[in-house]
Trainee: 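The structure's right below; bear with me while I get my questions together.
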Amino acid sequence: MKKPTPPPGNSQGLSRRALLGGAAAASTLAALDVHAQPSPGNAARAPAPAPAPSVGSFELEEATVSELQAAMQSGRHSAHGLAERYLARIQELDRQGDTPLKSVIELNPDALAIATALDEERKAKGPRGPLHGIPVLIKDNIGTADKMQTTAGSLALVGAVPSRDAFIVERLRAAGAVILGKTNLSEWANFRSTHSSSGWSGRGGQCRNPYALDRTPSGSSSGSGAATAANFCAVSVGTETDGSIVSPSAASSLVGLKPTLGLVSRSGIIPLSHSQDTAGPMTRTVADAAALLSVLAGIDPADTVTASSKGHAHADYTRFLDPNGLKGARIGVPRERFFGYHPATDKLVAQALELMKAQGAVIVDEANIPTASKLDEPEMEVLLYDFKADIEAYLAGLGDRTRLKTLADLIRFNEEHRDTELPWFGQELFLKAQEKGPLTDKKYLKALAACRKLSREQGIDAVMAKHKLDALVAPTQAPAGFIDLVNGDHWLGSSSSPAAVAGYPSITVPAGYVAGLPVGVSFIGRAWSEPVLLRLAFAYEQASKHRRAPGFAPTADLRQVAKV
C-alpha cells in the first residue's frame with residue numbers, strides 16, 4: 001500500500017508512530033505503528049453513541065501523590081480508604097452504564113488487603129517512601145504473578161500468568177504502592193493491524209476518551225491515559241515503543257514521560273521491540289511523574305540494557321523540579337515535519353513558546369532535525385524483526401503456562417477466534433512480522449544501524465549540538481480524532497518518532513484545548529537528560545496550569561473552536 005498523501009503544510013505523512021502511539025492506515029513497509037474478561041459478544045460490540053454519564057463530585061479529584069501522602073500521614077485518609085474510593089469510582093464510571101469508559105481491563109482482588117497491610121506497617125514502622133499506600137494502575141502488558149492476568153489485551157494469553165512479577169512491579173510493591181488493577185490498551189501494543197482503532201482490545205473492548213466519549217483515547221497505553229485523567233488512580237504506568245506513552249497522555253491532558261532506553265527495565269513486560277520498548281510514568285502533574293520515575297528506574301540483571309544507566313540514573317528525580325527552570329534554557333523548535341498539520345494545535349504551541357520565552361528561555365526557531373523524514377522505513381523494518389523474535393522469546397518464558405509458542409500460533413489463534421479477535425480489523429502486521437528471519441539477517445542489521453545513526457548522531461544529537469540546546473519543543477500531536485472501528489484511526493501528525501527511534505527521553509505536558517480536546521507539548525532531549533526535561537516541563541507546567549479534569553462529554557465542544 002502507498003502512504004497517504006499528507007495534508008498541506010505537513011511533510012510528515014503517516015509515521016510509524018501513528019501506529020504504535022495511536023493511529024493507523026498504512027503502507028506496506030512503513031506506515032504502521034502499541035474488566036474482567038468480557039463475553040465474546042461484548043468484546044466485539046461497536047461503541048454506541050455516547051451520552052454523558054452522571055459525574056458527581058469526587059473527594060480525591062486531581063489529588064497529587066504528595067497530597068495523598070500528607071493525608072495518610074495526618075490520619076485524614078488511609079491507604080485502604082484511598083483504594084476503596086478509587087475502586088468505587090472505577091466501578092461507577094468505567095464499568096457501568098450505556099457507555100462505560102472501559103479504561104480498566106481488570107481489578108486486583110487483593111488491592112484492599114494490600115492497602116490494609118500497608119496501613120498497619122505505616123503505624124508500626126512509618127512509610128517506606130513517597131509511594132507508600134498510593135493507588136497505581138498498570139498497563140495490561142506488564143506482568144504480575146498474582147490473581148490478575150497479563151495479556152496485552154489479547155484473549156490468546158488469558159490464563160498464561162507469569163511466574164514472577166515484572167521488575168518494575170517488584171519495585172512498585174517494594175515502594176509500597178497499591179496496584180489497583182490493570183488498564184486496557186490497544187491490543188498487542190497496537191502492532192497487529194495497519195488500520196486498528198486505538199484503545200481496542202479483544203479482551204477489554206473499546207476504551208474511550210474521558211474528554212469526549214466519541215473520541216479516541218489514543219494508543220497504545222490508552223487505558224492508562226484515560227484512567228489517570230478520569231481520576232481512577234493517583235498515577236499509572238504505561239509503555240512505549242513509539243508514542244504509546246506521550247500520545248495517550250497528550251490526548252487526556254496528562255504528563256507522560258518516555259525515559260531513555262535502559263533507565264527502566266522491560267523484563268516481565270510483553271514486548272514489541274527490545275530496540276525501542278520502555279515503560280514510563282503517566283500522571284496528572286510533572287511532580288508525580290518525577291516521583292514515579294524515581295521508583296521505576298533501576299538496574300535489572302534480567303534486562304542487560306539497564307546496565308547502561310549506571311552513573312546516569314538518580315534515586316530522586318523530584319529534586320530537579322524548579323519553577324524557574326526555564327530561565328536561560330535554550331529551546332529549539334523543529335518546525336519541519338512536526339508543525340503545520342493542524343493550525344489550532346500550532347497556535348497553542350506558539351502560545352506555549354511565548355510563555356517559555358517570558359519565563360526566560362531562549363527560543364531557537366527553527367532548529368530542525370535533519371534526518372526526521374528518513375526514519376519511518378528503517379524503523380518499521382526493525383520493529384517487524386524485533387516483534388517476531390521478542391514475542392517468541394516471551395512465550396517461551398511462559399513455559400507450560402501457554403500452548404502458544406510462536407507468532408504463527410498467535411496468528412492461528414486469531415483466525416480461529418475471528419468473532420472476538422478480528423471483528424473490526426485484521427492482523428496485517430503479524431503476517432508481515434512472520435515473514436521475517438532471525439536478528440542476524442543483514443537486512444535487519446542494516447536497518448538497525450540506520451535507525452541509530454539517523455536518529456542519534458545525525459538527528460537529535462546533531463541539531464542540539466549545532467544550536468547548543470537544552471531541549472527541542474514541538475506539538476505532541478493533534479487533538480484526538482473520532483473512534484472509527486470501520487476505517488481505523490485518522491492521524492494527522494506527531495513528534496514522538498525521533499526520540500523513540502533514538503531511545504532518548506521525551507515528556508509531554510498539557511498545552512491547552514481545542515474544542516475541549518486536550519493538546520500536549522513535548523520536550524525532547526538527549527540520552528539521560530530526564531533531569532533537564534523534568535526541570536523544563538515543571539517550570540512550564542507551573543507557569544501555564546493548563547491541566548483540568550475531564551467532563552465525560554458526549555462529543556467535542558465545537559462552540560469553542562473559534563476561541564482557540
Side-chain angles (χ1 to χ4, degrees), residues 35-39 42-43 45 47 50 53 55 58 60-61 82-112 114-115 134-144 146-155 157-158 169 172 177-187 189 198-211 213 216-239 244-245 248-249 251-252 254 270 281-284 483 549-550 552:
H35 312 302
Q37 181 183 338
S39 67
N42 186 42
R45 187 180 301 144
V55 182
F58 180 50
L60 304 177
E61 184 170 271
L82 295 180
E84 198 169 43
R85 286 168 173 80
Y86 281 119
L87 290 169
R89 183 169 171 85
I90 292 169
Q91 191 66 34
E92 176 188 5
L93 296 177
D94 199 63
R95 301 183 149 215
Q96 297 179 354
D98 294 331
T99 54
L101 202 60
K102 291 190 177 180
S103 64
V104 180
I105 205 167
E106 182 173 11
L107 294 173
N108 183 359
D110 295 325
L112 292 178
I114 291 169
I134 299 295
V136 178
L137 286 168
I138 63 175
K139 189 175 176 180
D140 181 43
N141 60 351
I142 300 172
T144 55
D146 54 15
K147 297 173 184 175
M148 293 187 288
Q149 303 287 326
T150 302
T151 69
S154 173
L155 298 171
L157 291 186
V158 170
V169 171
L172 285 167
V178 178
I179 298 175
L180 292 180
K182 295 195 177 181
T183 55
N184 200 2
L185 70 160
S186 306
E187 187 176 293
S198 288
W200 185 91
S201 70
R203 185 169 170 238
Q206 178 65 57
C207 179
R208 300 175 183 272
N209 189 311
Y211 288 85
L213 296 172
T216 177
S218 201
S220 69
S221 303
S222 319
S224 294
T228 307
N231 286 272
F232 293 163
C233 58
V235 295
S236 70
V237 181
T239 67
S244 293
I245 288 174
S249 294
S252 283
L254 296 178
I270 298 174
M282 298 176 68
T283 62
R284 293 184 292 271
I483 295 171
F552 299 85

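Only this structure's heavy atoms are used, side chains among them; waters, hydrogens and symmetry mates stay out.
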Trainee: Among side-chain atoms of K139 and S236, is any donor-acceptor pair under 3.5 angstrom?
Mentor: no
Trainee: Any donor-acceptor pair under 3.5 Å linking the side chain of E106 with the backbone of Q149?
Mentor: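 The answer is yes, because a donor-acceptor pair under 3.5 Å joins these two groups.
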Trainee: Heavy-atom distance under 4.5 Å between the side chains of V178 and L82, does that happen here?
Mentor: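 A side-chain contact is absent here, since even the closest heavy-atom pair is not under 4.5 Å.
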Trainee: Taking atom types as modelled, find out whether S224 and T183 have a side-chain donor-acceptor pair closer than 3.5 angstrom.
Mentor: yes
Trainee: Are any of the side-chain heavy atoms of I179 and D146 separated by less than 4.5 Å?
Mentor: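 Sidechains of D146 and I179: no contact.
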Trainee: Would you find a donor on one side and an acceptor on the other, under 3.5 Å apart, between the side chain of S201 and the backbone of S186?
Mentor: no
Trainee: Hey, could you give me the CD1/CD distance between I90 and Q96, rounded to the nearest 0.5 Å?
Mentor: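 Here the interatomic distance stands at 12.0 Å.
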Trainee: Of the non-hydrogen atoms in G153 and L185, which two are nearest, and what is the gap between them?
Mentor: N-CD2, 3.5 Å
Trainee: Which atoms form the tightest heavy-atom contact between P217 and S198, and what is the distance?
Mentor: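 Shortest heavy-atom separation between P217 and S198 comes out as CD-O, 3.9 Å.
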Trainee: Kindly say whether L254 contributes a backbone atom to a donor-acceptor pair with the side chain of S249 at under 3.5 angstrom?
Mentor: no
Trainee: Just by distance, do the side chain of S221 and the backbone of T239 share a donor-acceptor pair under 3.5 Å?
Mentor: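 Answer holds: yes.
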Trainee: Would a 4.5 Å heavy-atom cut-off, applied to side chains only, mark L101 and P210 as touching?
Mentor: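 Yes. Closest side-chain heavy atoms under 4.5 Å.
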Trainee: Determine the minimum heavy-atom distance between C233 and P135, stating which atoms define it.
Mentor: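 For C233 versus P135, the nearest heavy atoms are CB-O, 3.9 Å.
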Trainee: With a 3.5 Å distance limit and no angle check, can you tell me whether N209 reaches the backbone of T216 through a side-chain donor-acceptor pair?
Mentor: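 Side chain of N209 to backbone of T216: a pair is present.
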Trainee: Do V104 and L180 make a side-chain contact, defined as non-hydrogen atoms from C-beta onward lying under 4.5 Å apart?
Mentor: no
Trainee: I need the L112 CG to E84 CD distance, nearest 0.5 Å.
Mentor: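 The CG atom of L112 sits 6.0 Å away from the CD atom of E84.
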Trainee: Got L157 and R203 here, is their nearest side-chain heavy-atom distance under 4.5 Å?
Mentor: no
Trainee: Quick check for you: to the nearest 0.5 Å, what is the distance between L60 atom CG and R89 atom CZ?
Mentor: 9.0 Å
Trainee: Taking atom OG1 of T151 and atom NZ of K182, what is their separation to the nearest 0.5 Å?
Mentor: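 Answer rounded to 0.5 Å: 8.0 Å.
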Trainee: Please report the shortest heavy-atom distance between Y211 and P550, naming the atom on each side.
Mentor: CE2-CA, 3.5 Å
Trainee: Can you tell me how far apart CG (L213) and CD (Q206) are? Round to the nearest 0.5 Å.
Mentor: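 Rounded to the nearest 0.5 Å, the CG-CD separation comes out at 11.5 Å.
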Trainee: Taking the side chain as every heavy atom from C-beta outward, state whether I483 and W200 have any atom pair closer than 4.5 Å.
Mentor: no
Trainee: What's the shortest heavy-atom distance between T228 and A234, and which atoms?
Mentor: CG2-O, 4.4 Å
Trainee: Hey, could you give me the CG/CD distance between N141 and E187, rounded to the nearest 0.5 Å?
Mentor: 12.0 Å
Trainee: Do D94 side-chain atoms and K102 backbone N/O form a donor-acceptor pair below 3.5 Å?
Mentor: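 Flag set: sc D94 to bb K102 pair under 3.5 Å.
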Trainee: Is the shortest heavy-atom distance from the side chain of N108 to the side chain of I114 under 4.5 Å?
Mentor: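 N108 vs I114: side chains touch.
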Trainee: Could you tell me whether Y86 and F58 have their ring centroids closer than 6.0 angstrom?
Mentor: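 Ring centres of F58 and Y86 closer than 6.0 Å.
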Trainee: Could you pull out the closest heavy-atom pair between A111 and L87, with the gap in Å?
Mentor: CB-CD1, 4.4 Å
